[in-house]
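Computed from a prediction, not measured in an experiment: that's the story for all the values here. Lettering of chains follows the sequences in order, A, B, ..., and the numbering in each one begins at 1.
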Amino acid sequence: MIRQFIYDQVIEALEHLGYTHDKEIIIEIPNNKEFGDFSTNAAMILGKENKIAPKILAEQLIKEFKKIKAFKKVEIAGPGFINFVIAPAQYFELLWQINKADMEFAQSDYGKNEKVMLEFVSANPTGPLNIVSARAAAFGDTLYRVMKWLGYDPLREFYINDAGNQVDILAESVELRLREIHGEKLEEFPFEAYHGEYVRHLAQKLNSQEGIRIFMMPEKERMEHLKDYALNEIHLMQENSLEKFGVSFDSWVSEKTLRMEGVVEEVLSYLAEADCTYEKEDAIWFCSTKFGDDKDRVLMKSDGSITYFVPDLAYHLTKLQRGFTKLIDVFGPDHHGYVPRLKAAFKALKYDDSMLEIIFLQQVNLFESGERIKMSKRAGKIVTMDDLLSVVSKDSARYFFIARKANAHLNFDLELALKKNSENPVYYCQYAHARICSILKKAKKDKVLPKTWNKELITKLTKTEELALIKKMTELPELLIGIAEQREPYRLTVFVEELAGMFHRYYTKYQIVNDKHKELSQARLLLINNIKNVLAISFELMGISAPEKM
RNA sequence: GCGCCAGUAGCUCAGUAGGAUAGAGCAACAGCCUUCUAAGCUGUGGGUCAGGGGUUCGAAUCCCUUCUGGCGUGCCA
C-alpha cells in the first residue's frame, strides 16, 4: 500500500524535474530502523543515465518530497539513498482503510479473472495418499486460495492415471489377496505387486460383498471388474483423505475417460502432421530432441501399447482447449526429467510453452525424536497422509507443509508439530489470534468496546510499536501479489509469524484496556481488532483455523 | 558421465526488485505472572553466507568454476 504510493511519488518527482527513469528503481524497507520506514535507491540507479551525481539528484528529489504531507522526514544517506519516515497521520489513514475493508482486506481484482489451471496431487490411484501428496495438497490449495483472493480465476484439478500398466497390476494384486482369503497358498507375493495392507482390505471388502461369485466370471471380465472396483475404492479413499485435510478439488479428470474419447489417436496424428514422429525398432518415436529434450521419446511401444506421455500430453492440450492461459503443474521430486518432453511437445505443436509452468516439490522427511523415519514404497511401508493426520492436527500439518519453499527438502518434525508452545509456530500464531479475541471479549463485557469505530480514535496511537504494527499490516496486499506471482505460499507463514510476534511483544509491554484512559483503550482495541482480522485472513488463505480460545 | 535442485549461527530456516552493521525461532544460560490468556515476554553468547574467481559505486543475492548432499537420467507411471 505505502510502497506503491512512494514509488508513484518518486516517478512523479523525477518527471517533474525532467529526468529519465529507464532503469527500474526499488522502494524497500531498510533492515536498519535508523534509516527510516522506507528507502529508495533511485538517485544511485538513475544518476548515470541522467549524467548527474547521485547525491545531487537525491538532494533535488528530496526538495520535491518535502512538499508531501505523508512524509514526516526525508533524508539523504550513504552513497545516495533517500530515506523516508512516514507521518503518523498517514499510518492512521491506512489503518482506517484496513478497518473499513474488514474481512475483505487485501482482496483485489489484480488477477483480472485470468483462467489459471492448478493441477496438483494427481497421485496414482493405486494406493493411499502419501505425505508428499499431502505437501502438494497444502501447497496447491494455498496457492489457489491466494489467487482467488486476488481476483484470478483458478481451478483445482486432479488427474487420475486410471489406465495403463499399474492399474492392471493393482487388479492382479487384489486378485492374489482374494485367492489368499479363499485359502490358496501363495508361493511368494510378486515383487512388482502392491504390497500394502490396503490391498488386503480391498480384497476382504469385495469378498464380503460378492464372495465366490467373482471367480465364476471369465478371466478377462473378472480383471475388468476388479480394476473398476479397486479404482473406485481407492479414489474414494483419496478424496476422503483430502477432505480431512480441508482440500477439495473442483475437477477430477480420468485418463481412462480421455483415452475412450480418442484423444490418444488425435495427439498421435497431430504430432505426425507436424512431422515430428518416426518409426524405429517397431516403435513410434517423438523427435523431442529437436525441441530441447536430451533424447527422443517413445510414443507407441513395440507391443502396440501407448506410453504414459501420450495421454498426458493430450490431457494438457485439453486444458488449453478449455481456455486456461496458464497451466501450473505441481509435481513430485521424481518427475523433473519429464518436463523437457512436455515442453518439447508444446513447441512441436506450435503452442507457447511458457504457458506451461511446472513446480517441483522436494521430498518430505519425517523425523521423530531426531530420527528420520524410513519409508519404503515397495514393502508397503509408506507413511500415509491418514497416518500423519491421525497424529498431527490438520492445522499443524498444513502449516508445516507450506512453511518451506517448494524446491527445498522439507523436514517434518512430528514432535515439534505436536508441541503446544512457542516452539511450534502454528500455536504461536494462533495464540495471538486467541489472545486478541479474549481481550475483545473482556472489553465488551466491561463496556469499553465501542459499538462502532470512530476514525478520530486512531490518533491516540502514538507508540512506535503501534505504528510498526500498522505498517506490517499494510504489507499484506503486496505480499499476496508476490506469493501469487512467484508461486510461493511459504511467505505467508513468515508474515504471520512476524505479525503475531509483534503483537505478543506489544501486548506484554502495554496494557490494552485501561479504565483510566477510555479513548486510548478504544484506539488500541481498534488496532488489535484489525490485527485479529489480518491474522484470520492469513489463516483462511492457508486453510487453517483461527481459534477464539486456546 | 550428463541434467535439475539445494548448501546462511550447534539445529530448523528468513533474508524475492543487487543496497547500508546478514536476521528470527529452537537449543544453552539468566530473569518476568496480586494487572486484558505465561501456548507469552526480556536479556546474554553464537557467522569464512560451502571454497575460489568475476560483473559494479555496492553481491548471501547475478555470472563462471570447484566441493558436498538430494533427485533424475525406462519402449515405468
Side-chain angles (χ1 to χ4, degrees), chain A residues 3 24-28 30-32 34-35 39-41 44-45 47-48 54 77-81 83 124 126 161 163-167 169 192 255 280-285 294-295 297-303 305-309 312 332-340 360 362-363 365 367 370 403-411 413 416 419-428 430-432 434-443 446 448 479 482-483 485-486 488 490-491 493-494 497-498 500-501 503-514 521 524-525 528 549-550:
Chain A
R3 200 191 288 256
E24 270 302 296
I25 60 160
I26 62 162
I27 311 293
E28 59 160 8
N31 43 30
N32 187 334
E34 286 168 32
F35 299 140
S39 80
T40 180
N41 61 354
M44 287 180 291
I45 292 285
K48 204 176 253 177
F81 288 101
N83 296 335
N124 287 332
T126 53
N161 299 127
N165 234 336
Q166 52 177 356
V167 185
I169 297 173
E192 323 74 45
E255 178 184 350
K280 193 179 88 181
E281 294 161 4
D282 297 328
I284 298 177
W285 296 68
D294 49 9
K295 61 208 279 191
R297 306 293 171 173
V298 170
L299 299 170
M300 189 182 282
K301 301 181 233 173
S302 48
D303 68 1
S305 67
I306 222 91
T307 60
Y308 169 81
F309 173 58
D312 193 44
D334 49 349
H335 280 69
H336 61 238
Y338 184 68
V339 178
F360 290 100
Q362 289 301 317
Q363 67 190 63
N365 299 319
F367 282 83
R404 295 281 174 270
K405 285 181 205 176
N407 57 14
H409 288 210
L410 192 152
N411 294 323
D413 185 334
L416 178 59
K419 280 192 179 158
K420 298 193 170 183
N421 59 29
S422 58
E423 284 176 54
N424 185 340
V426 192
Y427 283 89
Y428 182 80
Q430 289 182 323
Y431 184 49
R435 247 183 172 172
I436 295 173
C437 289
S438 170
I439 299 167
L440 290 169
K441 211 167 131 190
K442 186 173 185 302
D446 296 349
V448 187
L479 176 73
I483 289 170
E485 286 185 338
Q486 307 297 314
E488 291 184 329
Y490 83 92
R491 290 166 67 183
T493 64
V494 176
E497 283 172 44
E498 283 169 355
F503 166 73
H504 283 310
R505 288 186 284 275
Y506 173 64
Y507 166 89
T508 309
K509 191 165 171 187
Y510 300 102
Q511 193 175 16
I512 291 169
V513 179
N514 183 329
S521 299
R524 288 179 169 171
L525 286 168
I528 65 165
K549 236 184 355 193
M550 284 173 80

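Of all non-hydrogen atoms in A:H335 and A:F360, the two that sit nearest each other are C-CE2, 3.8 Å. For A:M44 against A:P54, the heavy-atom pair with the smallest separation is CA-CB, 4.0 Å. Of all heavy-atom pairs between A:K295 and A:R297, the closest is O-NE, 3.3 Å. Across all non-hydrogen atoms, the minimal contact from A:Y427 to A:M550 is CD2-CE, 3.4 Å. A:H504 approaches A:Y428 most closely through the heavy-atom pair NE2-O, 3.0 Å. Taking every heavy atom of both residues into account, A:N161 and A:V167 meet most closely at O-CG2, 3.7 Å.
To the nearest 0.5 Å, atoms CD1 (A:I284) and CD1 (A:I306) are separated by 7.5 Å. For the atom pair CD of A:Q486 and CZ of A:R491, the computed distance is 6.5 Å after rounding to the nearest 0.5 Å. Atom OH in A:Y431 sits 11.5 Å away from atom CD1 in A:I436 (nearest 0.5 Å).
Looking only at distances, a side-chain donor or acceptor of A:D303 sits under 3.5 Å from a matching main-chain atom of A:S305. Under a 3.5 Å cut-off, the side chain of A:R3 and the backbone N or O of A:I27 do form a donor-acceptor pair. A donor-acceptor pair under 3.5 Å links the side-chain atoms of A:T40 to the main chain of A:I26, judged by distance alone.
No aromatic stack links A:Y428 and the base of B:A39, using centre distance under 5.5 Å and interplanar angle under 30°.
Residue-level contact check: A:E488 touches the bases, meaning some heavy atom is under 4.0 Å from a base atom. Here A:S39 lies in heavy-atom contact (under 4.0 Å) with a base. Within 4.0 Å of A:A77, counting heavy atoms only, lies at least one base atom of the nucleic acid. When heavy atoms are screened at a 4.0 angstrom cut-off, A:N411 is found touching the sugar-phosphate backbone but no base atom.
When Watson-Crick and G-U wobble pairs are counted only if both distances are under 3.5 Å, B:G3 pairs with B:C71. In this structure, B:G43 and B:C29 make a Watson-Crick or G-U wobble pair, each of the two defining distances being under 3.5 angstrom. The partner of B:U37, taking Watson-Crick or G-U wobble pairs whose two distances both stay under 3.5 Å, does not exist in any strand shown. When Watson-Crick and G-U wobble pairs are counted only if both distances are under 3.5 Å, B:G19 pairs with B:C57. Shown here, B:A24 forms a base pair with B:U12; the pair counts as Watson-Crick or G-U wobble because both key distances fall under 3.5 Å.
Distance noted for atom C1' between B:A28 and B:G45: 9 Å (whole Å). Between B:U8 and B:G23, the two C1' atoms lie 10 Å apart (nearest whole Å). Going from the P atom of B:U55 to that of B:C2 covers 28 Å, rounded to whole Å. Rounded to the nearest Å, the gap between the C1' atom of B:C75 and that of B:A59 is 48 Å. The same atom, P, is picked in B:G70 and in B:C64; the two are 24 Å apart, to the nearest Å. Between the C1' atoms of B:C36 and B:C41, the separation comes to 15 Å (whole Å). Annotation: B:C11 and B:G47 have their P atoms spaced 13 Å apart (nearest Å). Rounded to the nearest Å, the gap between the C1' atom of B:A6 and that of B:U21 is 28 Å.
Counted by atom type alone, A:N124 and A:Q166 present one or more donor-acceptor pairs between their side chains at under 3.5 Å.
Taking atom CD of residue A:E28 and atom C1' of nucleotide B:A22, one finds them 14 Å apart after rounding to whole Å. The distance between atom CD of A:E24 and atom P of B:G19, rounded to the nearest whole Å, is 14 Å.
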Practice prompt. Go along nucleotides 57-63 of chain B 5' to 3' and tag each nucleotide: B for a protein heavy atom under 4.0 Å from its base, S when only backbone or sugar atoms are that close, - otherwise.
Written response: S------

Discussion item. Across nucleotides 67-77 of chain B, 5' to 3', mark each nucleotide with B, S or - according to how protein heavy atoms within less than 4.0 Å reach it.
Written reply: ---SBSSSBSB

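Distance from the side chain of A:R3 is smallest to B:A17 among B:A17, B:C41, B:C5. Among the nucleotides B:U42, B:A20, B:G40, the one closest to the side chain of A:R505 is B:U42.
For the pair A:I25 and A:L410, nearest-nucleotide mapping onto RNA chain B gives the more 5' position to A:L410.
Classified by its glycosidic torsion, B:C13 falls in the anti category, the angle being over 90° from 0.
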Protein-nucleotides 33-38 of chain B N/O pairs closer than 3.5 Å?
from	atom 1	to	atom 2	distance (Å)
B:C36	O2	A:V513	N	3.1
B:C36	N3	A:I512	N	2.9
B:C36	N4	A:Y507	O	2.9
B:C36	N4	A:Y510	O	2.7
B:U37	OP1	A:S438	OG	2.5
B:U37	OP2	A:S438	OG	3.1
B:U37	O2'	A:Y431	OH	2.2
B:U37	O2'	A:R435	NE	2.9
B:U37	O4	A:A434	O	3.3
B:U37	O4	A:M550	N	3.4
B:A38	OP2	A:R435	NH2	2.5
B:A38	OP2	A:Y507	OH	3.3

